[in-house]
Amino acid sequence: MAEEELIYDFSTIEKRWQEYWEREKIFRAEDDSEKPKYYALDMFPYPSGAGLHIGHPEGYVASDILARYKKACGFNVLHPMGWDAFGLPAEQYAIKTGTHPSVTTMENIDNFRRQIKNIGFAIDWDREINTTDPEYYQWTQWIFLKLFQRGLAYVDEKPVWWCPNLRAVLANEEVVDGKSEVGNHPVERRNLRQVVLRITAYAEKLLAGLDDLDWPDSTKRQQKAWIGRSEGAEVEFAIEGINEKLKVYTTRPDTLFGATYMVVAPEHPLLDNLVIQEKANEVKAYVEAAAKKSDLDRTDLAKDKSGVFTGSFCVNPVNGEKIPVWVADYVLISYGTGAIMAVPAHDERDHEFAEKFGIEIKRVIANPNGDETESKLPYSGPGVMVNSGEYDGMDADACKSKIITDLEAKDAGKGAVNYKLRDWIFSRQRYWGEPIPLVWVSAEDYEIAKQTEGAIKDLIPQNDVTTQKDGQLLYALPLPASELPLQLPEVENYQPSGTGESPLATISDWLEIWFDLETGKSISRDEAKPEGTTWVSASRETNTMPQWAGSCWYHLRYIDPKNPENLVDKEKEAYWGGPDFYIGGAEHAVLHLLYARFWHRFLYDEGVLANPEPYRKLFHQGLILGEDGNKMSKSVGNVVNPDVVIDAYGADSLRLFEMFLGPLEAVKPWSEKGIEGVHRFLRKVHRECLRTDKHNAKEESNKDTLKVLHESILKVTEAIEDLRFNVAISQMMILINHLQKVDSYSIDTAKALLQLLAPFAPHLAEELWGNLGGQPSIVNEPWPQARKELLVTEEITIVFQVNGKLRGQGQFPKEVEKDAVISAAKADTKVQSFLEGKEIVKEIYVPGKLVNLAVKG
RNA sequence: GCUCAGGUGGCGGAAUUGGUAGACGCGCUAGACUAAGGAUCUAGUGCCGAAAGGCGUGGGGGUUCGAGUCCCCCCUUGAGCACCA
């Protein structure tokens, strides 16, 4: 064989097979297959202008290995790809340059697609989706309208996070430590009209549904914490001198006797009633100061407690004691009832406050460990009730429900559940997002709509959705499905208006319309008003949806990406179910993954879907750091470009190395030397498989080779199933090292190696498969089965220990008796030197493994 | 501050779940081939020690014939939460 033929020309090989796979549609997923299905899903990328970075392929390679492996195991595999393409960068680029975001987006998608195809994934490209395609987003809008119809979307003018730099409103989840998650700009509170989704209605379902999911624990915990369910009681305190009750929420009704003051939040609606004349100025000043504080100041910085006495008193419903009412900003208006009963003896925050303002601290739970000194307060552990009247001596925890029952009997409270989860602010004041398909009409026209038979009437929610505009109350009407998609209009200027309205608000011929209350059809108000009594003047909603919307349901559209009639065909959805494997970054633990569960569960409740949960098995790949151990970033200059890596080593080397770096979930640094290592391995495979002089026969006869081969089949298979791809690759290296050492091996052995390698380095495996006489494609070959009987050898090695330390070993037939092994161990010269002058007190024999002689003296 | 997950050679990491610690790869050392080697191959490579041997999985204790693995305390790194009553 000539030298040249041994060169591993990965560029040619990879190009050849990528073209072949695409041309032959090797990875097409069948909707009507008899085979069991396997659906491997990647979190689809945002196609940024920077192109693919080295982190993207990590998850994609992992899912691709599973997809190819499962295909070999006889599954009908769906491994799709698409683009989460609405978003701020394209819009900001448009603001800067005037280029339409769709132009930038398409360019970026073309680049991403090219880069992804260069890595040779087993993707069914016929199912590619794009969230900015009207054919796609009409269904995003359709789901929104369903939510609207069921009263799960409403409009509210409420304080929201406004980012002046981004000129946009952000969701709670998009604000981290008082800064925008994107760009790290400062944010502030502003009252703005917002479209809000009632995700809180799903709090319980979203919490309960977590239990059955095969997700990383940390992610489940984060979602649990975000939903933040707590159980306790709502207790009503009479206010002296006012005919109002102050309602508080507490998780510790058992500490009710220890309540020595109350606190209302500065924004509490009863505050004005509570403040007595002499305190009015002081309280007013405090409330104004609190309003000026950003949330950053209120929560993140100095936790120094502040507050002002209102001059009013409440009456404790359990013992009639008078309790002073304070106002303090450590109580949040947005949680519970915005007011608390403070129990300084058993709550850290209340304790700090009481110490500072000299308020009584009254212990009502005794520490069972006996330490009753005041210095041990606050105490929040379990214990026995004290200073609590009739409840004294009872176990505090058990007492909670008893006190709740007693309060209910007195009509002074009830058991209650609270969640930290807030409703989802769904509107964005941006251009580059899905238009929200609502129109605003007058009260009179709204009444007509409710009585007009047609496309709209039944879509109107039970509770009216209204907003104030220029002193007029307007009512929201939905567009019927027949009017979808509601497409984005062309605009001159992508800049949001500084008042917090989207640029769509400036497109008057799109905004101001004639609207038919019967059919939902509309035309611009620039045109003449059509004939007919049901045509009225209306204006469109100008907000667009957040980027999360499109990714809430994309896993469904891959199942049936071109269906013009439905979001997804029911039969196809029943066949494919949800993804069997979902991989993406851990940064989406509470954002995308919670929103998508919400929408999916809603669609399930609506009877649209057969499964309540979208992602049964979830995995987060770990970050790949730069070679210097720091996060890759342009400014540090440690970014690795996948295009450059592919040019230098090939896609197979890139794939293999990303998996060989370490455990899939671990954060791990890139290494240029490391990729040379796996590249060397692939070259070895290439060279060995082409050495026809070594392939002596079709079937393998060498016992050692058979053993190593089948051990490898077993270990690689197990490692793939366990997502431990680094271990699988190690085992293949062991196999090739063995084949390199032996004089000859069979073609079957070489082919089995290629099959194991195929999910990891598919191009090279496909190429060599052909060279060894296999028919393309190796992708369709059944996965090799390990013959475990070949792993058992006639002779076994048993190690000898003295006091647990290795001192020798011996070869024995596999059926050897215990006594024979122990005698051999004692006879071992080295073992003997450690037994000398000592007494054997115990002889341990682990069959087939080891002997341990415990000695003393 | 609270909660969780980790700490194994010079480096990335293996270890049948209580039974030979350090597989595999990188790096390093020596040698072979060579005009040359940043290619390839061979041998070696946890630490100390000439060897015998000793010591070794963040530190300290414990359980056990036997501990990287189980228990307790501490140190440390990372992630999440951060006035949620």
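Predicted, not measured: the structure shown is a model, and the values here were computed from it. Throughout, protein chains are lettered first and strands after them, A, B, ... in sequence-line order, and every chain is numbered starting at 1.
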Side chain to side chain donor-acceptor pair (under 3.5 Å) partners for [X], two or more places apart:
{"X": "A/E795", "value": "none"}
{"X": "A/D9", "value": "A/T12"}
{"X": "A/K684", "value": "A/N737"}
{"X": "A/T797", "value": "A/Q811"}

Table of protein N/O atoms under 3.5 Å from nucleotides 51-58 of chain B N/O atoms:
residue	atom	partner	partner atom	Å
B/G54	OP1	A/R807	NH2	3.3
B/G54	OP2	A/R807	NH1	3.1

In whole Å, what is the span from the [atom1] atom of [X] to the [atom2] atom of [N]?
{"X": "A/Q223", "N": "B/C4", "atom1": "CD", "atom2": "C1'", "answer": "16 Å"}
{"X": "A/D329", "N": "B/C83", "atom1": "CG", "atom2": "C1'", "answer": "9 Å"}
{"X": "A/K220", "N": "B/C81", "atom1": "NZ", "atom2": "P", "answer": "19 Å"}
{"X": "A/R229", "N": "B/C81", "atom1": "CZ", "atom2": "P", "answer": "22 Å"}
{"X": "A/W226", "N": "B/U3", "atom1": "CH2", "atom2": "P", "answer": "21 Å"}
{"X": "A/E348", "N": "B/A85", "atom1": "CD", "atom2": "C1'", "answer": "12 Å"}
{"X": "A/F800", "N": "B/C65", "atom1": "CZ", "atom2": "C1'", "answer": "17 Å"}
{"X": "A/E234", "N": "B/A85", "atom1": "CD", "atom2": "P", "answer": "13 Å"}

Would you please name every residue forming a side chain to side chain contact (heavy atoms under 4.5 Å, CB included) with [X], sequence neighbours left out?
{"X": "A/A354", "value": "A/Y261, A/P344, A/I359, A/I361"}
{"X": "A/K842", "value": "A/I844, A/A854"}
{"X": "A/R680", "value": "A/E676, A/R683"}
{"X": "A/E236", "value": "A/K245, A/K247"}

What stems involve RNA chain B, if each pair must be Watson-Crick or G-U and both of its distances must be under 3.5 Å, with 3 or more such pairs in a row?
->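 Stem segments, range with range: B:1-7 with B:75-81, B:10-12 with B:24-26, B:27-32 with B:40-45, B:46-48 with B:53-55, B:58-62 with B:70-74.
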Output yes when at least one side-chain N/O atom of A/Y330 is less than 4.0 Å from OP1 or OP2 of B/A85, else no.
->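 Checking B/A85 against A/Y330, no side-chain N or O comes under 4.0 Å of OP1 or OP2.
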Taking the [atom1] atom in each of [N] and [M], what is the distance between them to the nearest angstrom?
{"N": "B/G54", "M": "B/C73", "atom1": "P", "value": "34 Å"}
{"N": "B/A14", "M": "B/C33", "atom1": "C1'", "value": "34 Å"}
{"N": "B/C75", "M": "B/G60", "atom1": "C1'", "value": "10 Å"}
{"N": "B/G6", "M": "B/A51", "atom1": "C1'", "value": "40 Å"}
{"N": "B/G9", "M": "B/G59", "atom1": "P", "value": "9 Å"}
{"N": "B/G1", "M": "B/G22", "atom1": "C1'", "value": "39 Å"}
{"N": "B/C4", "M": "B/A21", "atom1": "P", "value": "33 Å"}
{"N": "B/G7", "M": "B/U69", "atom1": "P", "value": "11 Å"}

Check every strand shown and say whether [X] touches a base, only sugar-phosphate, or nothing at a heavy-atom separation below 4.0 Å.
{"X": "A/S671", "value": "nothing"}
{"X": "A/R687", "value": "sugar-phosphate"}
{"X": "A/T250", "value": "sugar-phosphate"}
{"X": "A/Q740", "value": "sugar-phosphate"}

cation_pi(A/R807, A/F800) dist<6.0 Å, angle<=45 |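 Here A/R807 fails the 6.0 Å and 45° test against A/F800.
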Produce a footprint string for nucleotides 7-25 of chain B: one letter per nucleotide, 5' end first; B if the base is under 4.0 Å from any protein heavy atom, S if only the sugar-phosphate is, - if neither.
-> -----BSSSB--BB--BBS
Syn or anti for B/U77, taking syn as within 90° of 0?
->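 Anti conformation for B/U77.
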Syn or anti conformation of B/G9, syn meaning chi within 90° of 0 =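 With its glycosidic angle within 90° of zero, B/G9 counts as syn.
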Ion pair A/R252/A/D254, N-O distance below 4.0 Å =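 Salt bridge between A/R252 and A/D254, a charged N being under 4.0 Å from a carboxylate O: yes.
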Would you mind telling me which of B/C4, B/A39, B/A85 lies closest to the side-chain atoms of A/R221?
->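 Between B/C4, B/A39, B/A85, the one nearest the side chain of A/R221 would be B/C4.
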Closest nucleotide among B/C83, B/A85, B/G80 to the A/Q222 side chain =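 The listed nucleotide nearest to A/Q222's side chain is B/G80.
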Interatomic spacing from CG in A/L764 to OG in A/S653 - rounded to 0.5 Å |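 A/L764 CG to A/S653 OG: 8.5 Å, rounded to 0.5 Å.
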5' precedence on RNA chain B between A/S218 and A/N803 (nearest-nucleotide basis) |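 Checking each residue's closest nucleotide, the 5'-ward one belongs to A/S218.
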How about A/W326 and A/F357: are their ring centres within less than 6.0 Å of each other?
->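 Under 6.0 Å, so yes.
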Tell me, yes or no, whether the heavy-atom count around A/Q740 atom CD, taken from other residues, nucleotides or ligands under 6.0 Å, exceeds 12.
->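 Yes, the 6.0 Å shell around CD holds more than 12 heavy atoms from other groups.
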Let me have the donor-acceptor pairs involving side chains of residues 654-675 of chain A, under 3.5 Å, with sequence neighbours excluded, atom names and distances please.
residue	atom	partner	partner atom	Å
A/R655	NE	A/F760	O	2.9
A/R655	NH1	A/D64	OD2	3.0
A/R655	NH1	A/I119	O	3.3
A/R655	NH1	A/G120	O	3.0
A/R655	NH2	A/D64	OD2	2.8
A/R655	NH2	A/P759	O	2.9
A/E658	OE1	A/E58	N	2.9
A/K668	NZ	A/E58	OE2	2.7
A/K668	NZ	A/P663	O	2.7
A/K668	NZ	A/L664	O	3.1
A/K668	NZ	A/A666	O	3.0
A/S671	OG	A/K673	N	3.4
A/S671	OG	A/G674	N	2.8
A/E672	OE2	A/Y649	OH	2.9

